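To start, the structure itself, in structure tokens.
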Amino acid sequence: MALRSAPASSTTSRPVILVVGGGYVGLYTALRLQKKLSRGRAEIVVVDPQPHMTYQPFLPEAAAGSVEPRHVVVPLRRTLPRCRVITGAVIGLTHADKKARITPVEGADFELSYDVLVMAAGSVARTLPIPGLAENGIGFKTVGEAIYLRNHVLARLDAASSTDDPDVRRRALTFTFVGGGYAGIEAFAELEDMARYAITRYYPRLSPADMRWVLVEATGRILPEVDLDMSAWTVKQLTARGMDVRLNTRLESVSADGVVKLSDGEEFSSETLVWTAGTKPNPMLSETDLPRDERGRVPCEATLHIRGVDDAWAAGDLAAVPDLTADQSGVTTAPNAQHAVRQAKQLADNIAAVLSGQEPVPYRHKYVGSVASLGLYKGVAQVYGVKLKGFPAWFMHRAYHVSRVPTFNRKARVVADWTMAMLFRREVISLGQLQDPRREFVFAANTGQPGHLPPSRPQQPETADDQAAAGQAG
Ligand SMILES: Cc1cc2nc3c(=O)[nH]c(=O)nc-3n(C[C@H](O)[C@H](O)[C@H](O)COP(=O)(O)OP(=O)(O)OC[C@H]3O[C@@H](n4cnc5c(N)ncnc54)[C@H](O)[C@@H]3O)c2cc1C
């Protein structure tokens, strides 16, 4: 089918810089470009299916109710007033012709011509063909998923507290997570902490001991970003909280009625299955003529220029960028925010330099370490070789991330959220209706009866639209 062709700029012959993705790399690159290039020098076009950048390190706190979900996203249009923002997905591109194919949120697909490409579409969940996983699991990468999980976990407490059936109660209170990287561990620990807090204060018919939190990890350790002793300490802390951490164990299957089977032979019923077992480069790359390495990443020079391709740059989770600080050659930078944000700034500087006829500068950053929150006042950190546990690590986690979340507006709002939660306790109310907001109206419209229905079991967001709608609802 022939696509409608849309010129990037209706006015001039300024070079058009197309930024694919408005996440960490996309937002920071565009921010810097709009600052460095005066209006007449280039038109910057940012394309993302979401109208906002998501500060993913705050998702566990958003799920736990310590931070308002709206405050962990940064609106692209407000932050990038000198860029053209298109809400839609790049579904493929032919760099040889410098044309990208775009599906907007509404309306027909169209083609956009550009001069310089920044590929920053990040990564997606790396799933395995495990029976029942796609139908019954949920990831943890978007604000919609964080909101869903928060409502879902709290709704399970309501369900368990409102029945005397021990099987229903056990199933509702069993929460299964797969994958022990920082995203998985933080989500697991923060949500358990929230559920424990809620049960202790507001559910007299339940006890924290009624809950079962299971973490399944295929390798022999969790948190590969910290040393083994810190990883072992974290397992000990979680176990001391009654959480069940299963190393060297794999998820084998999950049935439609929630029966989870593990590779160690154990079987149990669980209404919650969260998959955080790694990521892979955005599969949209296969619809482009950009080169890819054996792991599906875009191979880059240290300058962040895509290897062997003129006028094309990449950074972040989907890029294989040489790590110039590594002892051996061939090592690439890890997919994390620490590199993404710094690479974005270097990338923007290099584009501006090349447009001015100067040489680009190689990206060099030595990974400084990692901080992870394990619930309110609990954490683990290893930064510049210094190892911190418990409250100091948790404090460092908050201080680091509030210094990193983009824009003063978001920093102020996050600090206000934390302050309010300290003064008035955190909010632990399930807004399960967000998952099915039309249910009562449809019932009333079809039956003529008032729709006094009990809140439905939350359905998982199925489409990007559902997620976006949930995200707006906060
Ligand atoms: C829960 C969680 C916690 C984390 N915590 C930490 C942490 O504590 N420390 C740390 O260093 N890292 C952390 N990370 C990792 C970090 O967030 C990522 O490494 C970082 O976001 C990568 O940046 P990126 O720009 O490459 O990708 P992203 O930030 O994911 O941005 C990609 C963007 O591309 C958009 N996109 C996708 N497909 C298309 C398309 N077809 N067309 C156009 N746009 C598209 C997406 O909507 C998204 O906005 C965490 C990740 C998660 C999920």
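Counting starts at 1 for both ligands and their atoms, in listed order. Being a predicted model, the structure only gives us computed values, none of them experimental.
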Polar proximity ligand 1 side, [X] side, N/O cut 3.5 Å exclusive:
| X | value |
| --- | --- |
| Tyr24 | yes |
| Gln56 | yes |
| Val371 | no |

Sub-4.0 Å atoms of ligand 1 with respect to non-hydrogen atoms of [X]:
| X | result |
| --- | --- |
| Gly122 | 26 (O), 27 (O), 32 (C) |
| Pro335 | 19 (O) |
| Gly21 | 34 (O), 35 (C), 43 (C), 44 (N) |
| His401 | 8 (O) |
| Gly316 | 26 (O) |
| Gln338 | 11 (O) |

Legend entry - Check: Tyr55 ring centroid to Tyr24 ring centroid under 6.0 Å: yes
Inset, instruction - Using a strict cut-off of less than 4.0 Å between a Lys/Arg side-chain nitrogen and an Asp/Glu carboxylate oxygen, indicate whether Lys36 and Asp349 qualify as a salt bridge. - result: yes
Legend entry - Charged N-O contact under 4.0 Å between Arg212 and Asp244: yes
How far is [atom] from its nearest protein heavy atom, and which residue and atom name does that atom have?
| atom | result |
| --- | --- |
| atom 7 (C) of ligand 1 | Pro57 CG, 3.7 Å |
| atom 31 (O) of ligand 1 | Gly23 CA, 3.2 Å |
| atom 47 (O) of ligand 1 | Asp48 OD1, 2.8 Å |
| atom 26 (O) of ligand 1 | Asp317 N, 2.9 Å |
| atom 43 (C) of ligand 1 | Val47 O, 3.4 Å |
| atom 11 (O) of ligand 1 | Ala337 N, 2.9 Å |
| atom 45 (C) of ligand 1 | Pro49 CD, 3.5 Å |
| atom 14 (N) of ligand 1 | Tyr182 CE1, 3.5 Å |

Inset, instruction - Would you check if there is a donor-acceptor pair between the side chains of Arg78 and Thr407 at a distance under 3.5 Å? - result: no
Inset, instruction - Hey, can you tell me if His152 and Tyr148 have their rings parallel, tilted or perpendicular (30° and 60° cut-offs)? - result: parallel
Inset, instruction - Evaluate the ring planes of Phe58 and His397, with Trp represented by its six-membered ring, and classify them as parallel (under 30°), tilted (30 to 60°) or perpendicular (over 60°). - result: perpendicular
Examine the proximity of ligand 1 to [X] and report which part, side chain or backbone, both or neither, has a heavy atom under 4.0 Å away.
| X | value |
| --- | --- |
| Phe140 | both |
| Ala340 | side chain |
| Met53 | neither |
| Ala120 | backbone |
| Asn282 | side chain |

Inset, instruction - Let me know which of Arg342, Gln343, His339 forms a side chain to side chain donor-acceptor pair (under 3.5 Å) with Thr333. - result: Gln343
Inset, instruction - Look at atom 40 (C) of ligand 1 and find which of Val90, Thr54, Ile102 reaches it with the closest heavy atom. - result: Val90
Inset, instruction - Could you tell me if any non-hydrogen atom of His339 lies under 4.0 Å from any atom of ligand 1? - result: no
Short question: side chain of [X], backbone of [Y] - any donor-acceptor pair under 3.5 Å?
| X | Y | answer |
| --- | --- | --- |
| Ser270 | Thr272 | yes |
| Gln338 | His365 | no |
| Asp193 | Leu376 | yes |

How close do [X] and [Y] get, counting heavy atoms only, and between which atoms?
| X | Y | result |
| --- | --- | --- |
| Ala381 | Ala393 | N-CB, 3.7 Å |
| Ala125 | Lys141 | N-CD, 4.5 Å |
| Gly184 | Thr276 | CA-OG1, 3.1 Å |

Legend entry - Given Asp311, Asp289, Asp115, the one that forms salt bridge (Lys or Arg N to Asp or Glu O under 4.0 Å) with Lys98: Asp311
